[in-house]
Amino acid sequence: MPIPPEILAVPRPKNSIVTVYGKNKDLYAVRMRIGCRRVGTRNLPINGPTIGHIINNQYVPKVENKKTQPKSTRFEGKFASAYALSCLEIAKEANLYRCLNKAYGKSTTLKLLAIASFVAAGKSTENLSLDDFLKEHFAFIEEHLNRQTDFSDEAEDNFYRLWIANNLNDSYNILDAGSLLSTNAHKSIPDNLGIICNQKTGLAVFCTNFVGELTSGRNLRILLDKAQTLNLKGECTLVMTGSQISRQSLQNIRDNGCTYLSDIPTEFLNEVRDQILKWRQLGDDSEIYLKGEDIMREHEIEMPLGATHCKLLLYKSALKSLDEERILVQRFKLLEEEISKKHSLTKSEERLYQEFFKIDLKDDGTFSFSLNQEALNQALLLCGSFALLSNHEAFKAKIALESYTLHQNLNQALKALNNTAAEIPLIVFLALILRRAFEERLQDACEHKLASLIKLHCQNRLGQWESVKTLDESTQSLLYALKLPLWQRT
């Protein structure tokens, strides 16, 4: 039923809408409009709580029960998404908010975390501009950040000094984050980042930027010197990929007093393969431990790497072994079926089937074949096996694997960031901390769950954040996992 023009003409608060209710559809409520949601290519409005009624052609505001009305706050009537509130809750729980607040003050802290939240959301914000995101999800921040003038080197150093003190450890891992700064950033800002993380928890504790590769002696020295001036004291291990290993990079790492941990360089793959086979063929000369639901076997041997010596850390995963054996058997059966039906082979086809079969190829293309049992047995022994390299004398295989796993998790989190607003290293640093916290708490389908949080709008009413709609069971479970205190609209 259309609303009469004289009702719509009655003066009422801004950003509100008139709705009809009652048995005869002759009563009119005034509701707050709190934002928009995208459906296809359309932006549809989201209506908030009822704030009054139109009675006798006059707007009459809704009266709260004064006996239960708490003291109002400066955020009265402001709006945010559950995602924004979750980011602030994570920052407060980790003492990140406290360290930022001491260094920058409350206003800039909120703005920094707001921009970092945009970057941390990854794909969920890739179709939004930063300004639109801030207005819709952090509406309680009255002035948005001037990205170049609201910072100072002194405040940033103070923050890192406080944050490092809050996360002291004896050992740290160094991560080469590569080029993550926005291409829209000021040209004078180098675009490569080095991040130092707590070796035990994987939590990022310091970040700086430089030109070129981290494994160059100069850049590694820049990172370590800056961290040490901010009171980061402890042993540092550069965790990297085998492609970063060279004689010069290893020399640079040693010269700067660091150790390294890496997967296997391509040139050593055959040698490492032989070492794994020797280990598995000799029997169970290994330590066994549980890793979640997996059973891990591990073994250490000394191995020369160029002119230096390091430890080769060998592993075999029971779960990974089962998966890889299943795939291997399927591949073997497929090749066996294919070669059995062929009457002739080309040279390229011969190389394909030689993985599991001994082939006698004649000049005219005809051939005979038999199973290469030794090759098949070796392939089965290698299933679930992998190796790491390190020159860290105290690194046991289990600790090394935990460090490398944390390194992989951090790399995945960095790749998931939406870096369109990552114009300064500090923003990437804060976004990484938020992203890893979400991944650890939400586990599977993290991206999908973040999108749900972004769509959930909340209003601050009388000092308490509450959802603007009734929450279903899955959303309630999601908020519980994030420890987000949120009243539900009924």
Lys342 meets the salt bridge (Lys or Arg N to Asp or Glu O under 4.0 Å) criterion, sequence neighbours left out, with Glu349
Residue set satisfying salt bridge (Lys or Arg N to Asp or Glu O under 4.0 Å) with Lys311, at least two apart, ordered chain then number -> Glu300
task = Check the side chains of Asn173 and Thr237 for a donor-acceptor pair under 3.5 angstrom, ignoring hydrogens and angles.
result = no
* Within 45° of the ring axis of Phe206 and under 6.0 Å from its six-membered ring centre, is that where the NZ or CZ of Lys226 lies? -> no
>> Taking the ring centre of each residue, are Phe138 and Tyr83 less than 6.0 Å apart?
In response: no
Original post:
Yes or no on side chain to side chain donor-acceptor pair (under 3.5 Å) for Thr366 and Ser344, after CA distance, side-chain angles and deciding distance?
Top reply: CA-CA 4 Å; Thr366 58; Ser344 63; over 6 Å; no
- Query: Counting distance only, does the side-chain N/O of Asn167 pair as donor-acceptor with the main-chain N or O of Val205 below 3.5 Å?
  - Reply: no
Salt-bridged, [X] to [Y], with N to O below 4.0 Å?
| X | Y | value |
| --- | --- | --- |
| Asp360 | Lys362 | yes |
| Glu447 | Arg435 | yes |
| Arg441 | Glu93 | yes |
| Glu337 | Lys333 | no |

ask   = Below 4.5 Å, heavy atoms only, C-beta onward: do Tyr404 and Ser262 meet side chain to side chain?
value = no
Rounded to the nearest 0.5 angstrom, the OG-CG distance for Ser477 and Leu442 is 11.5 Å
Taken in chain and number order and not counting sequence neighbours, the residues that satisfy side chain to side chain contact (heavy atoms under 4.5 Å, CB included) with Ile433 are Leu96, Trp163, Leu203, Ala204, Phe429
